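Quick caveat, the model's predicted, so the values are computed rather than measured.
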Amino acid sequence: MNLENNIKGKVVVITGASSGLGETTARYLASKGANVVLGARREERLQTISNEINAEANGKAVFVKTDVTKKEEVRSLVDKAVNEFGRVDVMVNNAGLMSIAPMSEVKIDEWDRMIDINVKGVLYGIASALPIFQKQESGHFINISSVAGVKVFSPGGTVYSGTKFAVRAISEGLRHEVGGNIRTTTIEPGLIDSELKHGSSHKESSDFVNDFYEIAIPSDSIARTIAFAIEQPKDVDVNEIVIRPTVQDF
């Protein structure tokens with residue numbers, strides 16, 4: 001069986017698609033024939049990526065400027081997919097923020113922002129796509145958590161870990177509630193090269209994170225992992241994948 005054929009023609013919505021894991025995943029899936037619908041806040045970047053995909057790839061790309069903290073904008077992103085392609089096959093909830101700092105710094109604004117993006121953003125993605133999946137009697141959620149959602153990243157990453165543990169819990173509950181024709185995959189990346197490492201305003205923590213990320217592996221490692229989950233036959237539900245650099249300890 002040629003599993004790559006299970007990607008060709010699928011409609012894949014991706015949040016956080018203007019850089020990093022989201023951008024790389026969009027390009028990779030489009031190269032395999034998927035139609036990708038890109039959402040992020042940086043509209044110019046989305047335009048550039050879409051133009052390049054449409055000029056070079058086997059699939060097609062469209063985009064909508066999207067802030068995942070605003071449920072109406074996430075709904076508009078999913079509506080764009082339906083209006084353009086008639087359906088949604090995969091919802092990749094990828095947008096994320098990692099603001100690392102000791103709890104004693106009490107960076108409440110950053111805590112709120114991580115909760116809004118990392119947790120509520122995923123919930124808004126689920127809320128927007130789930131009714132469509134139920135109507136179609138098919139669909140696939142791919143939620144990006146982190147190794148910090150498997151083991152608490154401390155000191156400094158306690159709240160970030162909390163949000164990523166929440167993504168794992170939400171994903172498992174979702175799988176249990178709506179499984180069958182609707183698949184759910186949680187991916188927990190380790191150190192992957194992306195803009196995520198630039199989210200910390202606390203200097204000492206930022207310096208530590210940037211040093212830590214020197215062993216990061218390329219973002220296409222996650223793109224291939226997402227493709228693996230999507231391309232499985234419809235009776236196979238890949239529920240959870242942890243992926244790290246071979247040299248990463250944490």
Working for side chain to side chain contact (heavy atoms under 4.5 Å, CB included), residues Glu43 and Phe63: CA-CA 8 Å; Glu43 191 168 14; Phe63 68 90; 3.8 Å; yes
Cluster link Phe165 to Val167, ILVMFWY, side chain under 4.5 Å: no
Electrostatic pair Arg113-Glu110, nearest N-O below 4.0 angstrom: no
Thr66 side-chain N/O to Val64 backbone N/O, donor-acceptor pair under 3.5 Å: yes
Side-chain H-bond candidate by donor/acceptor type, Arg42 with Ser18, under 3.5 Å: yes
Ile243 with Ile230, same ILVMFWY side-chain cluster at under 4.5 Å: yes
Working for side chain to side chain contact (heavy atoms under 4.5 Å, CB included), residues Tyr160 and Ser146: CA-CA 9 Å; Tyr160 176 69; Ser146 169; 3.7 Å; yes
Donor-acceptor contact below 3.5 Å, side chain Ser161 vs main chain Gly157: yes
Test item: Ser138 and Arg87 side chains (from C-beta on) under 4.5 Å apart, heavy atoms: yes
Thr15 side-chain N/O to Ala95 backbone N/O, donor-acceptor pair under 3.5 Å: yes
Positive for side chain to side chain contact (heavy atoms under 4.5 Å, CB included) with Val13, one of Asn35, Val37, Ile132: Val37
Test: Glu84 and Lys60 ion pair at under 4.0 Å: yes
Step-by-step side chain to side chain contact (heavy atoms under 4.5 Å, CB included) determination, Val62 to Phe85: CA-CA 10 Å; Val62 296; Phe85 300 109; 3.9 Å; yes
side-chain hydrogen bond (donor to acceptor under 3.5 Å, both in side chains) partners of residues 218-230, not counting sequence neighbours, each pair once: Thr24-Ser219, Asp220-Arg224
Basic-acidic side-chain contact under 4.0 Å: Arg27, Glu23: yes
Trace of the side chain to side chain contact (heavy atoms under 4.5 Å, CB included) decision for Phe133 with Asn181: CA-CA 9 Å; Phe133 288 172; Asn181 293 326; over 6 Å; no
Glu188 side chain to Gly149 backbone, donor-acceptor under 3.5 Å: no
Within-4.5 Å side-chain heavy-atom neighbours: Lys164 and Asn118: yes
Side-chain donor/acceptor of Asn94 to backbone N/O of Gly16, under 3.5 Å: yes
Whether Ser50 side chain and Gln47 backbone form a donor-acceptor pair below 3.5 Å: no
Test side chain to side chain contact (heavy atoms under 4.5 Å, CB included) applied to His140 and Asp89, Ile182, Thr185, Val238, the passing residue: Thr185
Side-chain (Asp237) to main-chain (Thr184) donor-acceptor, under 3.5 angstrom: yes
